[in-house]
Amino acid sequence: MAWCISDGYVRQVTWNEDTELITLMLWGPGDLILGSQATFECRNETTTISHVSLEGHSPTDVERHDALKRQISRSMEIMRISRIRKADDRLLTMLRWLAAQFGRVNSLGHSLSLEDMNLTHQVIAELTGLTRVTVTKSLNKFKSLAQAIPMANGDLLLPHRADPDGFRPCRSVTENSRHRQGLPPGSSPHDRGAAGYTPSNS
């Protein structure tokens, strides 16, 4: 059994000796979370960022293969961004990547819904490995330089530039759905008994 996200966002994290969160993976609408997700030999936890709706799905071999490819590519990109030394560059790269992966494209650039993804300054800090204060200061700087433009609907516009590498979210697969459940921010599907989707603390 796998789980297809019909709405919302999920992340997998680990943590270091200082209990600082390290993001390993992000999933969004249309993505498949495979039942083997929690078998990594490291301390990790899978939780929701926003309210999430999941649909149980039995993936074909092709769907499973595509989901694994997408996961590897996305995880590698998250790791690459986390190694950018300069805080401003790391944050702006992460915002552009998030917008390209999970946002909407228009004639001006990619728009990222901070509200839909529940991207508070604290969550963004955890995704990038920066402090909340640094995120707030850098965001204000980006806005003043028009590198990140607040929109009337609350979205954040990242003006056009070359798209970062990585796979786009997979299409939503609902025809073989067996279960549906809603999960609030910060919860784990394991809290609702989602089969095959168990946070691991190895």
In this structure, are over 12 heavy atoms from other groups packed under 6.0 Å from [X] atom [atom1]?
X: Asn16; atom1: CG; answer: yes
X: Glu115; atom1: CD; answer: no
X: Lys143; atom1: NZ; answer: yes

Find out whether [X] and [Y] are in side-chain contact, i.e. whether some heavy atom of one side chain is under 4.5 Å from a heavy atom of the other.
X: Pro159; Y: Leu108; value: no
X: Leu26; Y: Trp97; value: yes
X: Arg104; Y: Asp155; value: yes

Okay, side chain of [X], backbone of [Y]: is any donor-acceptor separation there less than 3.5 Å?
X: Thr93; Y: Ile81; result: no
X: Thr128; Y: Ile124; result: yes
X: Glu63; Y: Thr60; result: yes
X: Thr120; Y: Val123; result: yes
X: Asp31; Y: Gly28; result: yes
X: Ser50; Y: Tyr9; result: yes
X: Asn140; Y: Thr136; result: yes
X: His110; Y: Gln101; result: no
X: Asn118; Y: Ile49; result: yes
X: Thr23; Y: Val13; result: no

Side-chain heavy atoms nearer than 4.5 Å, only ILVMFWY residues, links allowed to pass through others: does that put [X] and [Y] together?
X: Leu114; Y: Leu98; answer: yes
X: Leu139; Y: Leu130; answer: yes
X: Phe142; Y: Met117; answer: yes

Do you know which two heavy atoms are closest between [X] and [Y], and how far apart they sit?
X: Ala99; Y: Leu158; value: CB-CD2, 4.0 Å
X: Pro59; Y: Ala2; value: CD-CB, 3.8 Å
X: Val10; Y: Ile5; value: CG2-CD1, 3.9 Å
X: Ala125; Y: Val135; value: CA-CG2, 3.7 Å
X: Cys4; Y: Gly30; value: SG-O, 3.9 Å
X: Leu54; Y: Trp3; value: CB-CE3, 3.7 Å

Charged N-O contact under 4.0 Å between Glu126 and Arg132: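 No.
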Presence of salt bridge, Arg80 and Glu77, under 4.0 angstrom: yes
Gln12 and Glu45: side chain to side chain contact (heavy atoms under 4.5 Å, CB included), yes or no, with the steps? CA-CA 6 Å; Gln12 186 172 56; Glu45 182 177 34; over 6 Å; no
Straight-line distance of [X] [atom1] to [Y] [atom2], nearest 0.5 Å:
X: Lys141; Y: Gln147; atom1: NZ; atom2: CD; value: 7.5 Å
X: Gln122; Y: Leu119; atom1: CD; atom2: CG; value: 12.0 Å
X: His121; Y: Thr134; atom1: NE2; atom2: OG1; value: 12.0 Å
X: Met94; Y: Leu91; atom1: CE; atom2: CG; value: 9.0 Å

Before you tell me yes or no, could you show the steps for Leu68 and Leu34 under side chain to side chain contact (heavy atoms under 4.5 Å, CB included), namely the whole-Å CA-CA distance, both residues' side-chain angles and the distance that decides it to 0.1 Å? CA-CA 8 Å; Leu68 285 172; Leu34 302 177; 3.6 Å; yes
Decide yes or no on side chain to side chain contact (heavy atoms under 4.5 Å, CB included) for Ile22 and Trp15, but give the supporting numbers first. CA-CA 5 Å; Ile22 301 169; Trp15 52 91; 6.0 Å; no
Under a 3.5 Å cutoff, is there a donor and acceptor pairing between the side chains of Ser138 and Asp88? yes
The side chain to side chain contact (heavy atoms under 4.5 Å, CB included) partner of Arg11 among Leu21, Thr46, Leu24 is Leu21
Step by step, work out the side chain to side chain contact (heavy atoms under 4.5 Å, CB included) result for Met151 and Leu156. CA-CA 6 Å; Met151 306 298 287; Leu156 194 65; over 6 Å; no
